[in-house]
Amino acid sequence: MILIDEPQVPWRGRWWSHLASDASYEELHAFAAALGVPERAFDGDHYDVPAELYDAAVAAGAVEVRSRELVARLAAAGLRRRKSSRRGGDVRR
């Protein structure tokens, strides 16, 4: 299942959500690509998605969850990666 939390992370005048899958990275990458999210927005176990894409993500089937639930579901699925094992940065840098 694709999950998205509310846009609640401010950065550079925009608000950001996290888009994740509790099934597989393949599912996540395919969903993000279909939504038009660039690969550079992938941050190890989720995509950073601007608020402008939130409604489109939900309309495409992403399930709205709280941030804590998103993290918990990633961890339960074995897909959560610690910050130290993620790539060297994220889209908001």
Side-chain angles (χ1 to χ4, degrees):
M1 176 179 301
I2 297 295
L3 311 169
I4 192 165
D5 61 6
E6 292 183 28
Q8 57 187 357
V9 179
W11 192 75
R12 292 193 180 183
R14 296 171 91 180
W15 291 90
W16 298 82
S17 290
H18 302 103
L19 184 73
S21 169
D22 66 356
S24 71
Y25 294 121
E26 291 79 16
E27 177 188 43
L28 176 59
H29 294 312
F31 189 93
L35 198 59
V37 178
E39 289 180 22
R40 70 179 181 273
F42 183 64
D43 190 17
D45 59 7
H46 69 276
Y47 280 87
D48 293 315
V49 177
E52 298 84 51
L53 291 179
Y54 183 83
D55 290 337
V58 172
V63 176
E64 300 167 280
V65 296
R66 293 182 177 215
S67 297
R68 288 183 183 191
E69 181 178 348
L70 187 145
V71 172
R73 299 219 356 219
L74 277 176
L79 297 171
R80 181 71 174 144
R81 293 186 179 159
R82 293 175 180 242
K83 285 191 176 202
S84 62
S85 66
R86 295 185 199 165
R87 66 178 174 81
D90 69 25
V91 71
R92 296 172 307 197
R93 282 193 177 194

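Because only heavy atoms are used, hydrogens play no part in the values below, and waters and symmetry mates are left out as well, while side chains stay in.
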Can E6 and Y54 be counted as having a side-chain donor-acceptor contact under 3.5 angstrom?
no
Between [X] and [Y], is there shared hydrophobic-cluster membership here, with clusters defined by ILVMFWY side-chain heavy atoms closer than 4.5 Å?
X   : Y   : result
M1  : L53 : yes
V49 : V71 : no
V63 : L35 : yes

To the nearest 0.5 Å, tell me how far [X] [atom1] sits from [Y] [atom2].
X   : Y   : atom1 : atom2 : answer
L70 : R80 : CG    : CZ    : 8.5 Å
D22 : E27 : CG    : CD    : 7.0 Å
L79 : H46 : CG    : NE2   : 13.5 Å
Y47 : H18 : OH    : NE2   : 14.0 Å

Taking all non-hydrogen atoms of both residues into account, name the closest pair between S21 and L74 and its distance.
O-CD2, 3.3 Å
Would you name the heavy atoms of R81 and G44 that are closest together and state the gap between them?
NH1-O, 2.9 Å
Measure from the side-chain N and O atoms of S17 to the backbone N and O of D5, and report whether any donor-acceptor pair falls under 3.5 Å.
yes
Output all residues satisfying salt bridge (charged side-chain N to carboxylate O under 4.0 Å, His left out) with E26, sequence neighbours left out; order by chain, then residue number.
none
Residues that E69 engages under salt bridge (charged side-chain N to carboxylate O under 4.0 Å, His left out), provided they are two or more places apart:
R73
Please identify each residue that fulfils side-chain contact (heavy atoms from CB on, under 4.5 Å) with A62, with sequence neighbours left out.
I2, I4, L19, F31, A57
Any non-hydrogen side-chain atom of P10 less than 4.5 Å from a side-chain atom of W15?
yes
